[in-house]
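Worksheet: one structure, shown below.
Here is how names work: the chains are called A, B, and so on, in the same order as the sequence lines, proteins then strands, and each is numbered from 1.
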Amino acid sequence: MSEDRETQDADDASAEPKRAFWADEVADEIEARDPEDPIVIKGGVSPSGVAHLGNFNEIMRGYFVAAVLRERGHEVRQVFTSDDRDPLRKLPRKLADTDGNIVGLGDVDAGALGRNLGRPYTDIPDPFGESESYAAHFAALLKADADRLGVPVEMLSNTELYEDGTFDEVVEHVLGHADTAREVLSEYQAKVDADYVPFNPICEECGKITERVTSIDLEAGTVDYVCTDMTVGDETIEGCGHEGTATFREGKLPWRFEWPGQWQVLGVDFEPFGKDHAEGSWPSGEDIARNVLGIEPPVPMVYEWFTLNGEALSSSQGNIVTVPEMLDLLEPEVLRYFFALNPRKARDLDISRLDQLVDDFDRFERAYFGDVDDETLTAFAERAYPFVVDEVREDRVRLPYTFAAVLGMTDDRDLRIEMARNEGYFDDDTPEWAIEEALERVDRARAWAERLDNEYNYRIQEDLPEVDVDDAVAAALDELAEFVAVGHDGEEIQGEMYETARRHDIEVGDFFEAGYLLFFDQPQGPRLGEFLGELDTEFVVARLRRES
RNA sequence: GGGCCGGUAGCUCAGUUCGGCAGAGCGUCUGGCUUUUAACCAGACGGUCGGGGGUUCAAGUCCCUCCCGGCCCGCCA
């Protein structure tokens, strides 16, 4: 270190050292508050039709912070609330079935769903008839996805938190200090007037969330209400007009209070949230926590939303992707890597360039092992990589994604291995487990090529495609067949193709095209000679002779 | 209209806290591999760091201002 640098440090001794991984910075902030163990990290969403990748910000951002804190010796509890006492406000356009497949509203009983508008998600039947409720179905999807990504997260049902009395103290407190609550919230919401009561009972008659509380009885722990209409955008969900009484467990706090309430009853120390909350719920939540509930709000972190294929995530427009879908195309660690990147940057997840994301991951991995000459990346990888993979293993082999896609042109496992070996990815010392893991990428890259129908989507044709060749090309193909039959390796075949084409005075391009058509039924393809060298000789000879 | 976040190579992004040489990967191009045919290797090209102004010996980085995009400022979450 230079003298200049030392002087600079001395001048500014209080400055925190720069952290290479954002999760460390967050962990620093959390530790600075001297939290009690276990440290609680929360995320949460309202159940919607589909658990899409965007929802995973809530889980994955928290995961990295949890992992860093655990490494520092803390006990950490990562919880995720399904905010399932929220009412269904409008019908989702898309739903995900139990396996995570996205289906349209038409594939379920939409009428049954429509009759449940305004009721809490936990009181609505599962449209797929499998789980206890709509909410349970959705929560199960998220939990399954978290498991797939290896994130140990504890799912909590908001409805249960009300029903089992966890929320009692908060509801009592808020209703007991309704004036203060009104006053604080009115700073943020213009509609909060003198009649505003921060509690929404569930109508005992029609089951909908109501918005008009007429009186509060703190002694009895009840409120009186009128079941009124609910306005959602330009739609109205009709109330039934019933006048009734509800206990503090038979309703919910409005979101602006519910969120801080969750912080209190769960003892939340950190919560990441999307930028939509940054200017609305967070400032009011912070204020309500301190000045209504008398608690310190958690350390916040705003994450930017990412776009999918250049467009905003939108389930109604079909521009969404789920975790299972992504895992058909990528290893879990690559997906985790995506979420380990700086949350403050809006970034695009471009399916057509997944190869780029995977390349970036591979480079990140090599950086961890010190094989990349890039200080910044290496510093980031040193911190983040162990949390991205299940297990750090240095002799792991990664096939470049596009090469894996080339290998995916055949289903023959031995052939895949042979081609990878010829390219130097495997050698005699490569352990079997490493080969096995490396090949997992081949199926994913293959799925990617098929999904996009891109330039890697070639398949060796088992049966002879219909191909018209002129006499000169036919003669050349026959001659090449002879060459192959005698026994030559891929490189020699590749070279011979040029020679053969010249001898027959045909364009090299035409000759290759004939070859591609014969083997792939496409005018283009991978490096043909070397590919043929890997295939069964008899098969290649017969195909070149257009026999089978 | 006000606020928050973002804008760096064709693409994806580091670098912005705390001012110190404009960076990486991919793509492209050229060359190499006996070879125009998508895997491999080498090299090159590629920049108004959104625009403008200011502070400074020095600005992608700090200040002011404007432009563009997303989000929030109704309800709801």
Seminar exercise, completed: Testing B:C40, B:A38, B:U12 for proximity to the side chain of A:Tyr425, the answer is B:C40

Problem set entry | Pairwise P distance for B:G25 and B:C40, with rounding to whole Å | 14 Å

Exercise. Looking for any heavy atom pair under 4.0 Å, which part of the strands does A:Val406 touch: base, sugar-phosphate only, or nothing?
Worked result: nothing

Problem set entry | N or O in side chain of A:Lys345 less than 4.0 angstrom from B:G7 OP1/OP2 | yes

For this session: Using a cut-off of strictly less than 4.0 Å, decide whether A:Tyr516 has a side-chain nitrogen or oxygen near OP1 or OP2 of B:A38.
Result: yes

Problem set entry | Contacts of type side chain to side chain contact (heavy atoms under 4.5 Å, CB included), residue A:Pro400, not counting sequence neighbours | A:Phe403, A:Tyr425

For this session: Please identify each residue that fulfils side chain to side chain contact (heavy atoms under 4.5 Å, CB included) with A:Ala472, with sequence neighbours left out.
Result: A:Asp470, A:Ile506

Problem set entry | Donor-acceptor pair between A:Thr81 and A:Asn158 side chains, under 3.5 angstrom | no

For this session: Say whether, by atom type as modelled, one donor and one acceptor occur between the side chain of A:Gln264 and the main chain of A:Gly261 under 3.5 angstrom.
Result: no

Seminar exercise, completed: B:C40 -> Watson-Crick or G-U wobble partner, both distances under 3.5 Å, gives B:G32

Exercise. Does A:Gln461 CD have over 12 foreign heavy atoms under 6.0 Å away?
Worked result: yes

Exercise. Counting side-chain heavy atoms from C-beta on, which of B:A39, B:G15, B:U35 comes nearest to A:Phe403?
Worked result: B:A39

Exercise. NA contact type, A:Phe364, heavy-atom cut-off 4.0 Å: base, sugar-phosphate, or nothing?
Worked result: nothing

Seminar exercise, completed: The answer to which of A:Asp510 and A:Asp350 contacts RNA chain B further toward the 5' end, by nearest nucleotide, is A:Asp350

For this session: Check for a donor-acceptor pair, side chain of A:Thr210 on one end and backbone N or O of A:Pro201 on the other, with a separation under 3.5 Å.
Result: yes

Seminar exercise, completed: On a heavy-atom basis, the closest approach of A:Ala312 and A:Asn319 is O-ND2, 2.9 Å

Exercise. Rounded to whole angstroms, how far apart are CG on A:Asp374 and P on B:C13?
Worked result: 16 Å

For this session: Report which part of the nucleic acid A:Arg502 touches: base, sugar-phosphate, or nothing (heavy-atom distance under 4.0 Å, all strands).
Result: sugar-phosphate

Exercise. CD of A:Glu25 versus P of B:C18: gap in Å, rounded?
Worked result: 12 Å

For this session: Among A:Glu58, A:Arg344, A:Lys275, find the residue that satisfies the side chain to side chain donor-acceptor pair (under 3.5 Å) test when tested with A:Tyr303.
Result: A:Glu58

Problem set entry | Set of side chain to side chain contact (heavy atoms under 4.5 Å, CB included) partners for A:Asp355, sequence neighbours left out | A:Arg353, A:Tyr401, A:Thr402, A:Trp448

Seminar exercise, completed: Whole-Å distance, A:Phe426 CZ to B:A39 C1', equals 14 Å

Please list, pair by pair, any protein nitrogen or oxygen found under 3.5 Å from a nitrogen or oxygen in nucleotides 25-34 of chain B.
unit_1: B:G25; atom_1: N2; unit_2: A:Gln356; atom_2: NE2; d: 3.0

For this session: Quick one, give me the B/S/- string for nucleotides 66-77 of chain B, reading 5' to 3', where B means a protein heavy atom under 4.0 Å from the base and S means that only happens at the primed atoms, P, OP1 or OP2.
Result: ----BSS--SSB

Exercise. When all nucleic acid strands are considered with a 4.0 Å heavy-atom cut-off, which category describes A:Phe380: base, sugar-phosphate, or nothing?
Worked result: nothing

Exercise. In whole angstrom, what separates A:Asn454's CG from B:A39's P?
Worked result: 14 Å

Exercise. So does A:Arg347 get a side-chain nitrogen or oxygen closer than 4.0 Å to the phosphate oxygens (OP1/OP2) of B:A14?
Worked result: yes

Exercise. What pairs with A:Thr378 under side chain to side chain donor-acceptor pair (under 3.5 Å), at least two apart in sequence or on another chain?
Worked result: none

Exercise. When rounded to the nearest Å, what value does the distance between P atoms of B:U65 and B:C5 take?
Worked result: 15 Å

